[in-house]
Protein chains: 2
Amino acid sequence: MDTNDQGSSAAAPRPTVQDVARALGVSTATVSRALSGSPNVSTATREKVMRGAAQLGYQPNVLARALRQERSSLVGLVVPDVRSDFFAAASSVLQRALEEHGFRLILGITGDDPDADRDYLVTLLQHRAEGIVHVPCTDEGAAPLLGGVPTPPPVVEFLRQSRSNVADTVVSNEREGARQLAEHLIAFGHRRLAVLAGPDRFSTTRDRVGGFVDGADAHGLEVEVRYGLYDHDWTHRETLTLMAGDAETRPTALFAAGNRLVSGALQALSELGLRVPADVSLVGADDPDWFRGCTPSVTTFAAPLEQMGLVAAQTLLGRMRPKGRQPRVGPIHALLGGQLIVRGSSGPPAAGA
Amino acid sequence: MDTNDQGSSAAAPRPTVQDVARALGVSTATVSRALSGSPNVSTATREKVMRGAAQLGYQPNVLARALRQERSSLVGLVVPDVRSDFFAAASSVLQRALEEHGFRLILGITGDDPDADRDYLVTLLQHRAEGIVHVPCTDEGAAPLLGGVPTPPPVVEFLRQSRSNVADTVVSNEREGARQLAEHLIAFGHRRLAVLAGPDRFSTTRDRVGGFVDGADAHGLEVEVRYGLYDHDWTHRETLTLMAGDAETRPTALFAAGNRLVSGALQALSELGLRVPADVSLVGADDPDWFRGCTPSVTTFAAPLEQMGLVAAQTLLGRMRPKGRQPRVGPIHALLGGQLIVRGSSGPPAAGA
DNA sequence: CTGTTAGCGCATTCAA
DNA sequence: TTGAATGCGCTAACAG
């Protein structure tokens, strides 16, 4: 039917500025100028070059350009996992914002593995990325690695923050959000509270748990906390054991501190025959669409992800393209407030409890 | 507290092979050889170079290397939207597979906008990407663009396929899956079926709708089809109108042909006071974790995303690194079967209907 | 307005 | 085993 010229064909080399120049009888400099929109070219020449380039299927080699200009126009994005709405939403906003300024994103997915994290940061250095958006998965963050390199690119820590106070950070106020969730539950009359959370090596985990415990503490209440993974199956199993007790002693309200945890908890509660919120209230974190589709819909605390993506982009752009003579300002820490969204999954405890 | 040296500092240049060479009193060639693990270097020299490089915080400039070697080690991934589990799951598998072979991913999110799609493909050409994984959002795919360029990189169409038969494709058998869903519902006794689907310019949409209609057709049944968007809110609204009729005429079973559609439909059904599956059965597509957490859990047809990612990676690798003298084989079309997963959201229709 | 030249950082000939 | 020299494709000086 048709020829598939992919792969191992005769390898006709891609045309270069030289080819274009030769074909049109002009110099490479003229071609370069015409293509990059320099004002120092006559309109006639410019059009001729444009046409000639298109004719030959010329595409500038941005590697060569970057090498010459010492600007790669690449921004690195290092995240644990694009499968989570929490990260996915933010990365798409980030991408849009940075592309408007001519940067391309190069993606690294670490799976929260510190080694992978390190590898990606190294790769980004090697690609001469001009900036890095980093969701750290250790308390050190990128600092130890970047410390040894002259003129490292600016880093914005996003969503989570490391403990090394060198990078700019853009995070949401998860602590306050979790406190509000606790208040919300306690106002309904709940007294036996529990939290299911991810690994406590992440700042978000610590903030969520800490805020929730604070909120309970203000009312003299204890909270049962279980750390584990940001994973549906882990939460599923953990909820089964947590709620196995009888109605007089088991928690009457549950905080699943992440959206993957919510789905796991919901599955377990359903299997245990416990009704939400009649038998147990459930509150979550983040706000994927399906929180509204669930029966009951899920009460949660939502960070302003879009806005955070924008702020992160702005912060990074400010470092990458300093306008005027900026007096080299210290780390910027943006803490954005989120929103408590009350839905059907939270309510008063059963009378018997 | 600490100095933030990010951004506009004195701009100490990053060390190059020359710097390393000079510092150690050897030639650049030796440094290059030592760092790239050439066998033609004495062990002593190699170690000396390694240490010296580390000392200076040297990181190879992969742009220069790529320029010289004419191998960028970049693979482009062009997807509509990383927020969907459908795409996110696949991209993380893809990434793992390609990285094992030394490729890095450069990401483009198109939002299903044909212009953005084109822009990314151009960018990838300019970055001399060695291969492209493309989720096309038009029937033409990448063919018209790549046609004008000498030695274009190999392209694998992923998840969806365009109508131009030049690229390799890796897709799941959505048509068969949808047919099975129809059979499943009809076996329960449903006779009034409806489909909510995304835009019909995507092959997946057409396959899902087509397969479902085929399945119904085999039993002499009509299906009400509504095309729209892969979007929670659209489905929410559409379901409200679709199910507004009385119990004798409205559909008794609904196929929401995408996971974002399922959450919208669930929300609407809940608001209408319709119980699933007692009043209406709902089946979906894809299989995000939360399908198991919902009450009721969602019956669906799931594509083997992980496997598809692997196959796509293999296919692309075969084109990028042809082993031996491969006789330039024509387009490969991989069609992978998925799995019908029966859960709680489907059941027999109410007696009255 | 256009052409000539040089060099970004690296890997690779070819000689020694 | 090592060094000197060349060029990947491009843009930025500097001339004309």
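In what follows, chains carry the letters A, B, and so on, assigned in the order in which the sequence lines appear, proteins first and then strands, with residues in each chain numbered from 1. Just so it is clear, the model here is predicted, and its values are computed rather than measured.
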Filtered N/O pairs between nucleotides 12-16 of chain C and protein, under 3.5 Å:
| unit_1 | atom_1 | unit_2 | atom_2 | d |
| --- | --- | --- | --- | --- |
| C:dT12 | O4' | B:Arg68 | NH2 | 3.4 |

Problem set entry | By side-chain hydrogen bond (donor to acceptor under 3.5 Å, both in side chains) - contacts of B:Tyr120 (at least two apart) |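 With neighbours one apart ignored, the set is A:Gln95, A:Glu99.
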
For this session: Taking salt bridge (Lys or Arg N to Asp or Glu O under 4.0 Å) as the test, write out the residues that go with A:Asp139, two or more places apart.
Result: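 Result, salt bridge (Lys or Arg N to Asp or Glu O under 4.0 Å) vs A:Asp139: A:Arg163, A:Arg206.
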
Problem set entry | Any residue meeting salt bridge (Lys or Arg N to Asp or Glu O under 4.0 Å) with A:Glu70, in chain and number order, not counting sequence neighbours |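 Partners of A:Glu70 under the salt bridge (Lys or Arg N to Asp or Glu O under 4.0 Å) test: none.
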
Exercise. Are side-chain N/O atoms of A:Thr123 and B:Arg104 paired as donor and acceptor at under 3.5 Å?
Worked result: yes

Exercise. Among side-chain atoms of A:His127 and B:Asn61, is any donor-acceptor pair under 3.5 angstrom?
Worked result: no

Exercise. Tell me: CZ of A:Arg22 to P of C:dG3, nearest whole Å?
Worked result: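 Going from A:Arg22 (CZ) to C:dG3 (P), I get 14 Å.
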
Problem set entry | Atom-to-atom span, CG of A:Leu63 to C1' of C:dA11 - whole angstrom |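 Between C1' of C:dA11 and CG of A:Leu63: 15 Å.
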
Exercise. What is the nucleic acid contact for A:Val26, judged by heavy atoms within less than 4.0 Å: base, sugar-phosphate only, or nothing?
Worked result: sugar-phosphate

Exercise. Base, sugar-phosphate, or nothing: which does B:Asn61 touch, judged by heavy atoms less than 4.0 Å apart?
Worked result: sugar-phosphate

Exercise. Taking 5' to 3' order, which nucleotide of DNA chain D is first and which is last to have an atom within less than 4.0 Å of a heavy atom in chain B?
Worked result: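 Answer, 5' to 3': D:dT1 to D:dG9.
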
Exercise. Donor-acceptor pair, A:Ser72 side chain versus A:Arg128 backbone, under 3.5 Å?
Worked result: yes

Problem set entry | First of B:Gly25 and A:Val17 reached from the 5' end of DNA chain D, by closest nucleotide |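 Of the two residues, B:Gly25 wins.
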
Under 3.5 Å, sequence neighbours excluded: what are the donor-acceptor pairs made by side chains of residues 43-57 of chain B?
| unit_1 | atom_1 | unit_2 | atom_2 | d |
| --- | --- | --- | --- | --- |
| B:Thr45 | OG1 | B:Ser42 | OG | 2.5 |
| B:Arg46 | NH2 | B:Ser38 | O | 2.4 |

Problem set entry | A:Arg118 bridged to A:Asp113 by N-O distance under 4.0 Å |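 No, A:Arg118 and A:Asp113 are not salt-bridged.
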
